[in-house]
There are 2 protein chains.
Amino acid sequence: MALEHAILVSLLERPGSGYELARRFERSIGRFWTATHQQIYRVLKRMETDGWVTGEEVGQDGRPDKRSFTVTGSGRDTLVEWLRAPVAPEAVRHELAVKIRGAAFTDDTGRAELLAEVERYRADHETLLTTYLNGEKRDFPDPMTLDAGQRLQHVVLRGGIAYERMLLDWLDDVLDTLRAL
Amino acid sequence: MALEHAILVSLLERPGSGYELARRFERSIGRFWTATHQQIYRVLKRMETDGWVTGEEVGQDGRPDKRSFTVTGSGRDTLVEWLRAPVAPEAVRHELAVKIRGAAFTDDTGRAELLAEVERYRADHETLLTTYLNGEKRDFPDPMTLDAGQRLQHVVLRGGIAYERMLLDWLDDVLDTLRAL
DNA sequence: GCTTGCTATGCAACTCGTTGCATAGCAAGA
DNA sequence: TCTTGCTATGCAACGAGTTGCATAGCAAGC
């Protein structure tokens, strides 16, 4: 498990509330780690108990109060130690691949429906790629002037872009294959 | 959830025991869906209760007996219905990306260790790519003569190959970035 | 005879993640 | 005033997935 560690990285990049973390996990961090607000609040509570983060009440006007969290020295030590551990092999779960192999066991109508679904899926990822490219233009307009943290964020974003491009190419291959059956 | 569906596809491609399924999930199916034997046995039992599969005792010589499972008509209907449902958005969890962004918060020693770990990770995936390419040569030597099921299996394998190639390129980008910090 | 190793199946306990629901502050517009 | 919608936090129940362990057949080698 590493939701704790993803939260530590995000809070080190910028302190924030559980709600703000949830929004970040929907956006930039969601490129490589997903989590819902319920999970985040639960884990934050445990992290506070363990002394990895400290929460501070922040009054806001025009909005409800929030609790902003900051990483403690102990939390940072925990992250540094985790960074040294070997990367665990990923658990791949690609539902679309299962469906594609499953297409061998349905009829023409079923295959036509799957083809339409793949097209929809492709359109979603084309949109996502555009979002990434716009984000890159906005956040990293001049790659020469970035500090270490920004360069690392940029290389992770480039990974997301490379993934989406690869995926779109492969989906075209899938569509050709389904059409030619 | 879709472990049930991955099992249905695998058993439709070829009936087999829980143990055999577990081995397939380590190999070819593991490219796009992972599961341990405990999970598989538990789910198989539920699927048998629900009438999606039927088990049959098979005596073997030189080995313990096994229970070989076959998909029923009802199981096949279940799969076909699932194929029609929209693909759920994937839950991305890329631990390495978290660590790379985390590298901004450790020292030179920590970054050097991470770099070594990325190199090790890259070597693993280079091996995996080779395995895929060998499997492709072995299982799909003549793409013109394949039936529908084999073509679908092949396009899924091509997805795995495309993913590994993309990953290796990106890891080179990551290594350059880490070295230049 | 003993150990090692692969085939084969399974239980129990635990952790992680999802889903549905609940509460509440505040702003903006019908 | 009432509804809609966003910010903000949280509980409870359930389902999925992991980890550790246990059992047993059979083959091969020391």
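Letters A, B, ... are given to chains in the order of the sequence lines, protein chains preceding strands, and every chain is numbered from 1.
- Side-chain N/O atoms of B/Y19 include none lying less than 4.0 angstrom from OP1 or OP2 on C/dT9.
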Quick one: do A/R120 and A/D124 satisfy salt bridge (charged side-chain N to carboxylate O under 4.0 Å, His left out)? Show the steps, please.
CA-CA 6 Å; A/R120 192 199 56 72; A/D124 284 354; 2.7 Å; yes
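- Of the candidate nucleotides D/dA8, D/dA16, D/dG17, D/dG17 has the atom lying nearest to any side-chain atom of B/L3.
- The nearest whole Å value for the distance from the CD1 atom in A/I7 to the P atom in C/dC16 is 12 Å.
- At whole-Å resolution of the value, CG in A/L21 and C1' in D/dA8 are 13 Å apart.
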Look for any protein N or O under 3.5 Å of an N or O in nucleotides 10-14 of chain C and output each such pair with its distance, or none.
from   : atom 1 : to    : atom 2 : distance (Å)
C/dG10 : O6     : B/H37 : NE2    : 3.1
C/dC11 : OP1    : B/K45 : NZ     : 3.3

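- Rounded to whole Å, atom C1' of D/dA16 lies 14 Å from atom NE2 of B/H5.
- Note: CD (A/E26) to P (C/dT18) measures 13 Å, nearest angstrom.
- Within the 4.0 Å cut-off from OP1 or OP2 of C/dC6, not a single side-chain nitrogen or oxygen of B/R23 is found.
- Both B/S17 and B/R93 lie near DNA chain C, and the one whose nearest nucleotide falls closer to the 5' end is B/S17.
- Relative to the axis of its first five pairs, the axis of the last five pairs of the helix from C/dG1-D/dC30 to C/dA30-D/dT1 sits at 10°, rounded to 10 degrees.
- Within the 3.5 Å criterion, the main-chain N or O of A/E56 finds no donor-acceptor partner in the side chain of A/K66.
- Atom P of nucleotide C/dA8 and atom CD1 of B/I40 are separated by 14 Å, given to the nearest angstrom.
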Sequence neighbours excluded and cut-off under 3.5 Å, please list the side-chain donor-acceptor pairs for residues 173-181 of chain A, or say none.
from   : atom 1 : to     : atom 2 : distance (Å)
A/D173 : OD1    : B/R158 : NH2    : 2.9
A/D173 : OD2    : B/R158 : NE     : 2.8
A/D173 : OD2    : B/R158 : NH2    : 3.4
A/T177 : OG1    : A/D173 : O      : 2.8
A/T177 : OG1    : B/R158 : NH2    : 3.4
A/R179 : NH2    : A/E119 : OE2    : 2.8

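- Under a 3.5 Å cut-off, the side chain of B/K99 and the backbone N or O of A/W82 do form a donor-acceptor pair.
- At a threshold of 4.5 Å between non-hydrogen side-chain atoms, the residues A/L21 and A/H37 do not count as touching.
- Checked by atom type, the side-chain pair A/E95/B/H5 shows no donor-acceptor distance below 3.5 Å.
- Atom pair A/E4:CD and C/dT15:P shows a separation of 12 Å (rounding to whole Å applied).
- Rounded to whole Å, the distance from CH2 on A/W33 to P on C/dC16 is 12 Å.
- One finds a salt bridge joining A/E4 and A/R46 here, because a Lys/Arg side-chain nitrogen approaches an Asp/Glu carboxylate oxygen to under 4.0 Å.
- No chain of hydrophobic side-chain contacts below 4.5 Å, direct or via other Ile, Leu, Val, Met, Phe, Trp or Tyr residues, connects A/L3 to A/V80.
- In terms of phosphate contacts, B/T36 brings no side-chain nitrogen or oxygen within less than 4.0 Å of OP1 or OP2 of D/dT19.
- Using modelled atom types and a 3.5 Å distance limit, the side chains of B/S17 and B/R67 yield no donor-acceptor pair.
- With rounding to whole Å, B/F25 atom CZ is found 17 Å from C/dT9 atom C1'.
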